[in-house]
Amino acid sequence: MLPWLEVPLKDLMARYEAERLPHALLFIGPAGAGKAELGKALAHRLLCEQGTACGTCKGCLLLEAGSHPDLKKVELEEDAQQIKVEQVRDLIVWVNQTAQMSGAKISIIAPAHKMNRNSANALLKVMEEPPARNFLILISDEPAMLLPTIRSRAQRLNLTMPGETEAKQWLEAKVDGDKDWSTLLSLSHGSPLLARQRADDDYLQRRQLLASVWHDLFVKQGDVVSLVAGLAKIDLTEALELAMEMFADVARLQATNDKNAINNKDIASFIEPVSDVLGKRQVLYCLNLLQQDYRLAKGTQNPNPTLLLESLLIACSAPGAAQPDSVFNL
Ligand SMILES: [Zn+2]
């Protein structure tokens with residue numbers, strides 16, 4: 001159990017025991033806050049015959065084997081960008097069947113904002129008249145993308161990150177070897193889960209590569225198609241997140257003229273030259289385009305990463321990309 005989830009879990013269990021746990025819960029909070037882990041832990045407590053996630057009862061053993069009949073997860077199918085209406089219809093049929101193990105029935109939808117409009121509308125019906133002892137857990141780091149009618153029918157729980165000391169203690173206990181946890185935590189918005197994952201893969205190298213693309217575009221007038229082709233396998237969300245952070249640093253550096261204002265210190269050597277060659281309006285213009293593309297990437301459409309990045313780089317670097325007042329009234 002993640003230590004920073006103990007308090008919210010205890011609170012949820014207290015409400016369950018008092019028969020005041022809402023039928024629909026919406027766990028929100030930034031990526032890596034532990035929303036899915038909390039959903040799993042709550043399901044485990046509710047489906048354990050002792051109510052403790054004892055690990056030995058039939059409910060716990062079935063959960064451990066991934067075959068508990070009263071737990072259903074609705075997730076993105078492989079390569080899909082949307083949770084389809086058929087998946088939600090299956091869920092509704094399942095919800096209306098009697099529990100097999102005499103306890104509660106739990107459904108978890110993650111990421112809930114990936115439901116398309118039809119899926120969300122189908123879900124509304126079951127949210128309006130939930131069968132007794134049925135609990136629906138919606139998980140989302142983009143709750144604004146959910147239908148307002150879904151949001152208003154679920155009780156929100158906003159998870160926050162642990163403090164840095166607690167996060168480091170957890171990471172040091174979990175991961176062998178010396179890592180620069182301060183840097184990894186700061187690059188992961190304080191999330192120990194993301195920091196641990198990023199310590200294991202080549203995240204820091206990918207950041208250098210992504211930052212170099214923007215640097216070469218503006219400083220060396222690099223060719224857009226070759227620059228994007230150099231990114232090999234692109235995680236579009238990660239690429240856009242990095243770019244937004246980089247441009248935010250460029251804007252901060254331009255506003256303060258102080259290198260200490262740079263948050264993403266590991267890519268500072270790319271940020272400083274970009275700041276020297278871009279005008280302030282162009283930086284804001286690019287940030288605006290990046291935010292639009294980021295919403296597109298996080299939504300239920302399925303943009304082609306290569307095409308999207310090529311268009312973005314072309315738009316950001318086009319002559320006159322940020323004519324006075326073309327986007328902002330500064
Ligand atoms: Zn148990």
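Positions are given from 1, in the same order as the sequence printed here. Both counts, for ligands and for their atoms, begin at 1 and track the order of listing.
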Sorted by chain and number, sequence neighbours left out, ring-ring contact (aromatic ring centres under 6.0 Å, His included) with Phe135 holds for Tyr16, His23
For Phe270, check ring-ring contact (aromatic ring centres under 6.0 Å, His included) against everything at least two apart and list the hits. His215
Qualifying residues under side chain to side chain donor-acceptor pair (under 3.5 Å), relative to Glu166, sequence neighbours excluded: none
In the structure I gave you, are the side-chain heavy atoms of Leu26 and Gln155 within less than 4.5 Å of one another anywhere? no
Between Arg207 and Glu245, does a salt bridge (Lys or Arg N to Asp or Glu O under 4.0 Å) hold up when you go through it step by step? CA-CA 11 Å; Arg207 285 173 59 86; Glu245 287 171 15; 3.5 Å; yes
What lies under 2.8 Å from the Zn ion (ligand 1), restricted to protein N/O/S atoms, is Cys48 SG, Cys54 SG, Cys57 SG, Cys60 SG
Asp141/Lys298 ion pair, N-O < 4.0 Å: yes
